[in-house]
Trainee: 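Encoded as structure tokens, here's the structure I'll be asking about.
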Amino acid sequence: MTVLVAGATGTVGSAVVRRLVAVGADLRAGARDLHRAAALLPAGVPVTRLDLEDAATWPAALAGVSRLFLLRPPDVARASRLQPFLDAVVAAGVEHVVVLSVQAAGRNPLLPHRALERRVEATGLAWTHLRPAYFLSNLLTVHRAEIRDRSEITVPAGEGRTAVVDVGDLAEVAVQALTGPGHERRAYELTGSEAPTWSEVAATLSAVLGRPVVYRHPGALAFLRRARCTGTPGALAAVMTVLYTVTRLGLASRTTGDLGRLLGRSPTTLRRFVEEHADAWR
Ligand SMILES: NC(=O)c1ccc[n+]([C@@H]2O[C@H](COP(=O)([O-])OP(=O)(O)OC[C@H]3O[C@@H](n4cnc5c(N)ncnc54)[C@H](OP(=O)(O)O)[C@@H]3O)[C@@H](O)[C@H]2O)c1
């Protein structure tokens, strides 16, 4: 039973690959850039070229695959662009697709993630939708430099609360769905058990790092201007502004018990995540 992981060089895809390796699964990592994948992934992982929009890469990547981990790549705004790949997935005899979606997909039919979920459902294959909250690992990627270099975190979220999730926990659930029974036709809303405000995030960083980390919360327009000055790509800045405005309005705070139930333990907390990764901001 070979598991193919699309986007294996990404934050979630690479975590899923590492977890599959840890449980001894038969896997294939799909990546657009083989050199990048080889540098990032554990030695010995079989890597195949896979571009979800390049049909030439599909036959070799999909041969003999029964389970697929699929994401909506960040720059694919229209799920229809992935339909030819889904047709190839069906033709190749894949049995089950685990979709990396987003928490709000169950409530917002306009999200491209929901559009992808619906297209996967329409294939007739078994599916599992993973709908995660805000990744704690964003503190290690988009927010890392400002925390490390300026001891500040700038997010236009006011005092809104954000449900968060650890990508390691998310990968653990992804691997359960990819390798075990009982997850067919299920959608999981995956959050940790807390939804901190950004003041609380800054306070946790301050306590663990032993230096004050200041939370700055400009309005949406000021945030966009600042992002332009610091060289953040326009599309990313726009997505972040929408996301953090939703948070400011109190619409991103919902936590659920799905993750803890699936893990059989408490999800990773903000405090533990910051402690484990403290060196990244020092
Ligand atoms: N960040 C959050 O807080 C959050 C929360 C919930 C849900 N999500 C969702 O999670 C998804 C992003 O996951 P992530 O954080 O793991 O992304 P990521 O770190 O940005 O990685 C994206 C991956 O997709 C690959 N990719 C891009 N275009 C591709 C294509 N045409 N064909 C094949 N692979 C392609 C990239 O490959 P290269 O290395 O070649 O670029 C990379 O491996 C998005 O749908 C996002 O909305 C994010």
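Keep in mind that this is a model prediction, so the values were computed, not measured. Both counts, for ligands and for their atoms, begin at 1 and track the order of listing.
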Trainee: Taking E159 first and then R248, would you say they form a salt bridge - that is, a charged N and a carboxylate O separated by under 4.0 Å?
Mentor: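 Looking at R248 together with E159, the answer is no, because their closest N to O distance does not fall below 4.0 Å.
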Trainee: Please enumerate all residues that pass side chain to side chain contact (heavy atoms under 4.5 Å, CB included) together with R119, with sequence neighbours excluded.
Mentor: A79, S80, Q83, L86
Trainee: Can you name the residues that come within less than 4.0 Å of ligand 1, going by heavy atoms only?
Mentor: G7, T9, G10, T11, V12, R32, R36, L50, D51, L52, L71, R72, P73, P74, L100, S101, V102, H113, P132, A133, Y134, F135, N138
Trainee: Test: side chain to side chain donor-acceptor pair (under 3.5 Å). Region: residues 27-50. Which pairs qualify, not counting sequence neighbours?
Mentor: R49-D54
Trainee: Run the side chain to side chain contact (heavy atoms under 4.5 Å, CB included) test against L251 and tell me which residues pass, sequence neighbours left out.
Mentor: V246, L249
Trainee: Got a salt bridge between E200 and R161, using NZ or NE/NH1/NH2 to carboxylate O under 4.0 Å?
Mentor: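 Yes.
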Trainee: Can any side-chain N or O of S206 pair as donor or acceptor with the backbone N or O of V213 at less than 3.5 Å?
Mentor: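 Yes; judged by distance alone, with no hydrogens or angles, the pair exists.
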